[in-house]
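We count ligands from 1, going down the list as the structure has it; atoms in each ligand are counted the same way.
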Amino acid sequence: MIIAKTIDHTREAVNAAKRKGKSIGFVPTMGALHDGHLSLVRRAKRDTDFVVASIFVNPAQFGPGEDLKKYPRPFGKDKTLLIKEGVDLLFFPGAGEIYAADFSTYVEERCLSKPLCGASRPGHFNGVCTVVAKLFNIIRPNTAYFGAKDYQQLQVIKRMARDLNFSVKIEAMPIVREPDGLAMSSRNAYLNREERRNALCLDIALREAKRAVDAGVRESGQVISLMKTIVLSHKNAKIDYIEIMDADSLTSVEKMNGKVLIALAVVVGKTRLIDNLVIKIPTR
Ligand code: AMP
């Protein structure tokens, strides 16, 4: 596996692969890799000839007081995992390689990025869009892989790629969960034993929501109340948001119909966790 810390080195290696006629798959990450990340890598390996992964804890997507400093950075372990998966190139830049001292150009998606995590974390998606746009320009992949764990991010990136004419296919991959249902996340490492148990409230609330919908409930308010009760019955769990939205437009729906997103963000102890479920409501 080539490890490139500079943009020039990355471009040279990617261009060499392109000259050989290889298709380029790209998996952007912030590291602290788990099976969720690796599921994207495996799909990229299956679909494309030359797989690039990036590890960059992007300062621009963290707000003041968020966990930028303490975000886990187990580089040695990540490197070993990526080698094992047969990744061809790891782009591992320092912050100075990505952001010049007088960096002053940002990419803003103005619609899908506003509700949900965009409302709780102002500026977060500007940071995400900016770094992803830069990474797309550096790597120029044929296909880039994103997880549905960050459903809103996936929709925002798809919109940005379309609006700004990036010639990259965005491939969405399903949420990978721990055996007990907790969605895998690098931030799960922050949880102590009790918090880890209580963190199950996100998955439990989503499964109960699904049960209610399967039983015929269509009022979003009713499902949200049910989910709130479940989350709040867990110790040290505080609700950031629980929302039901149209899965494409990310606008709230009162009556569930068509493809809906049920999304929640919960702070367990001091750790903010997100999870979601997309349900297709059968038309009767
Ligand atoms: P991150 O390192 O958290 O920025 O995530 C990098 C990519 O991995 C994003 O596209 C995430 O959506 C995806 N990802 C993170 N956790 C999971 C998971 N549990 N299942 C599927 N994809 C995930």
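The single protein non-hydrogen atom nearest to atom 5 (O) of ligand 1 is His37 NE2, 3.4 Å, given as residue, atom name and distance. For atom 22 (N) of ligand 1, the nearest protein heavy atom (residue, atom name, distance) is Gly147 CA, 3.5 Å.
Close approach of ligand 1 to Pro28 is summarised as follows: ligand atoms under 4.0 Å from at least one heavy atom of the residue are 6 (C), 7 (C). The Asp150 neighbourhood of ligand 1 comprises atoms 11 (C), 12 (O), with distances under 4.0 Å to a heavy atom of that residue. For ligand 1, the atoms lying closer than 4.0 Å to a non-hydrogen atom of Ile175 are 20 (N), 21 (C). Listed by number with element, the atoms of ligand 1 under 4.0 angstrom from any heavy atom of Leu40 are 7 (C), 8 (O), 10 (O), 13 (C). Near Thr29, the atoms of ligand 1 lying under 4.0 angstrom from a non-hydrogen atom of the residue are 2 (O), 6 (C). Near Met184, meaning under 4.0 Å from one of its heavy atoms, ligand 1 places the atoms 16 (N), 17 (C), 18 (C), 19 (N). For ligand 1 and Phe146, the ligand atoms under 4.0 Å from any heavy atom of the residue are 10 (O).
For the residues Gln153, Lys149, Gln61, the heavy atom positioned nearest atom 23 (C) of ligand 1 is part of Lys149. Here atom 21 (C) of ligand 1 lies nearest to Pro174 when heavy atoms of Ala148, Pro174, Ala53 are compared.
Applying the side chain to side chain donor-acceptor pair (under 3.5 Å) criterion to Gln61, with sequence neighbours excluded, gives Asn58.
At a 3.5 angstrom cut-off on N or O pairs, Met30 counts as close to ligand 1. Polar contact check, Val176 against ligand 1: a nitrogen or oxygen pair lies under 3.5 Å apart. Checked against a 3.5 angstrom limit, the closest N/O atoms of Tyr145 and ligand 1 fall outside it.
Gln152 places a side-chain N or O within 3.5 Å of a backbone atom of Cys117 that can act as its donor or acceptor partner.
Screening Arg187, Arg272, Arg121 for a salt bridge (Lys or Arg N to Asp or Glu O under 4.0 Å) involving Glu66 leaves a single residue, Arg121.
Residue Met173 places no heavy atom under 4.0 Å from ligand 1.
Ring planes of Phe92 and Phe75: parallel class, angle under 30° (limits at 30 and 60°).
Annotation: cation-pi geometry not satisfied between Lys158 and Phe146 (NZ/CZ under 6.0 angstrom from ring centroid, within 45° of ring axis).
The structure places CG of Leu206 at 8.0 Å from CD1 of Ile175, a figure rounded to the nearest 0.5 Å. Separating the CG atom in Asp47 from the NZ atom in Lys169 is a distance of 6.5 Å, to the nearest 0.5 Å.
In summary, Asp275 and Arg177 engage in a salt bridge, as defined by a charged side-chain N under 4.0 Å from a carboxylate O. The pair Arg197-Glu194 does not count as a salt bridge, with every side-chain nitrogen at least 4.0 angstrom from each carboxylate oxygen.
A donor atom on one side chain and an acceptor atom on the other are not found under 3.5 Å apart for Ser23 and Asn142.
Heavy atoms of His34 found under 4.0 angstrom from ligand 1 belong exclusively to the side chain.
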